[in-house]
A.B. asks: 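So that we are looking at the same thing, I have put the structure below in structure tokens.
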Number of protein chains: 2
Amino acid sequence: MQGQAKHPRLERFAEICKASHLKVTPQRMAIYRELLISTEHPTVDAMFQIVKKEFPNISYDTVSRTMLTFAQIGIADIAEVYGGAKRFDPDVADHHHLHCVSCGNIIDFHNDQYNNLDIPDEVRQNFRVLSSRVVFKGICEKCATTP
Amino acid sequence: MQGQAKHPRLERFAEICKASHLKVTPQRMAIYRELLISTEHPTVDAMFQIVKKEFPNISYDTVSRTMLTFAQIGIADIAEVYGGAKRFDPDVADHHHLHCVSCGNIIDFHNDQYNNLDIPDEVRQNFRVLSSRVVFKGICEKCATTP
DNA sequence: CTTTTTGCAAAGCGTTTGCATTGAA
DNA sequence: TTCAATGCAAACGCTTTGCAAAAAG
């Protein structure tokens, strides 16, 4: 294949679908492919606009259901937001988020220390922790420099 | 005053409003009072249902605008959610959240270590951090014990 | 009195649902 | 051939807006 490099996880898409008893449709493949290369934690609508270029007849709710399905089977995450549209995250490994309160962007960062926080006894005793994330709110570089 | 104890922050409500050039209306007072004693990070609608008992004629959008105003002037926070309705938090001091993926409840906890996380250089250099929070996803005790 | 706030109604987003058709396996 | 997935349209839920009436300062 020429041009755009293939994402390693895309190669396994058929397997992933089979393991979850999902059919490998062209729409699903396209949505997953675009999600994998996205960096903006897209909403359903943002992804709809992207995939529509390739599939002019695709419907919004197919994109919506597909991305929810991806979250259910664990190949995408839903990022924390402060109300409003869901935002999807192709990175399901441990990582952390910066939320720019000015432009609304969510920026990923990785940090080993944050991946291994001690869970307080108070929490451990009353809550079965499945995942954790550190979330910073603030002002991103772009918003800080371009007034 | 008898019956229900007054929250210390409620006593200062008139001052807070004056400082922000807001009028002290009965509706605002009631919404703030109910928010202060809430423990469930209520949505606008949840708060609307509560305040409606005292003000049967209050409108949804008054509650909505009022709670957004409280967030703007810093006497309430908007909690992180995974899409959908905003949830408001009367605790504007450092604290952290547990999200039960089963019942959707958000549970507060406090932890000094988490309040003082080292901010990675990579973050510090590219982002002006205003606040931070540790968010756990998991299963709360109630959901773990009552199937 | 003046200016904000309220209540109302409608409009605006985002999401979900039911159903007939299509298509992957 | 079968059953899941898609596309469509309508319904639903949450939020926002414009405006006249009401109320706070």
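Each chain gets a letter, A, B and so on, in the order its sequence line appears, and its residues count up from 1.
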A.B. asks: Once you round it to whole Å, what is the distance between P of D:dA22 and CZ of B:Arg28?
C.D. replies: 19 Å

A.B. asks: Going only through I, L, V, M, F, W and Y residues with side-chain contacts under 4.5 Å, is there a path from B:Phe109 to B:Ile106?
C.D. replies: no

A.B. asks: What does A:Pro56 touch in the nucleic acid at a heavy-atom separation under 4.0 angstrom: a base, only the sugar-phosphate, or nothing?
C.D. replies: nothing

A.B. asks: Expressed in angstrom and rounded to an integer, what is the separation of B:Tyr60 atom OH from D:dT16 atom C1'?
C.D. replies: 10 Å

A.B. asks: Can you check whether B:Tyr32 and B:Phe70 have ring centres sitting under 6.0 Å from each other?
C.D. replies: yes

A.B. asks: Just how far, in rounded Å, is C1' of D:dC8 from CD of A:Gln27?
C.D. replies: 14 Å

A.B. asks: Does a salt bridge link A:Arg12 with A:Glu15, judged by any charged N lying under 4.0 Å from a carboxylate O?
C.D. replies: yes

A.B. asks: Could you tell me whether B:Thr62 contacts a base, only the sugar-phosphate backbone, or nothing, with contacts defined as non-hydrogen atoms closer than 4.0 Å?
C.D. replies: base

A.B. asks: Would you mind reading off the distance between A:His21 atom NE2 and D:dA5 atom C1', rounded to a whole angstrom?
C.D. replies: 16 Å

A.B. asks: Has the side chain of B:Asp61 got a donor or acceptor that lies under 3.5 Å from a partner of the other kind on the base of C:dC8?
C.D. replies: yes

A.B. asks: Less than 6.0 angstrom from the centroid, inside 45 degrees of the normal: does B:Lys137 satisfy that with respect to the ring of B:Tyr82?
C.D. replies: yes

A.B. asks: If you find the nucleotide of DNA chain C closest to A:Arg65 and the one closest to A:Val44, which residue's nucleotide is nearer the 5' end?
C.D. replies: A:Val44

A.B. asks: For A:Asn57, which contact category applies under a 4.0 Å heavy-atom criterion: base, sugar-phosphate, or nothing?
C.D. replies: sugar-phosphate

A.B. asks: For C:dG14, does either OP1 or OP2 sit under 4.0 Å from a side-chain N or O belonging to A:Ser64?
C.D. replies: no

A.B. asks: Which whole-number value in Å describes the distance from A:Arg87 CZ to C:dT15 C1'?
C.D. replies: 17 Å

A.B. asks: Whole Å only: how far is the CG atom of A:Leu68 from the P atom of C:dT17?
C.D. replies: 10 Å

A.B. asks: What is the separation between atom CE on B:Met67 and atom P on C:dT5, rounded to the nearest whole Å?
C.D. replies: 17 Å

A.B. asks: Give a yes or no on whether a donor-acceptor pair under 3.5 Å exists between the nucleobase atoms of C:dT3, that is its base, and the side chain of B:Lys23.
C.D. replies: yes

A.B. asks: Does OP1 or OP2 of C:dT5 have a side-chain N or O of B:Thr66 closer than 4.0 Å?
C.D. replies: no

A.B. asks: Using whole Å, what does the distance between atom P of nucleotide C:dT4 and atom NZ of B:Lys18 come to?
C.D. replies: 17 Å

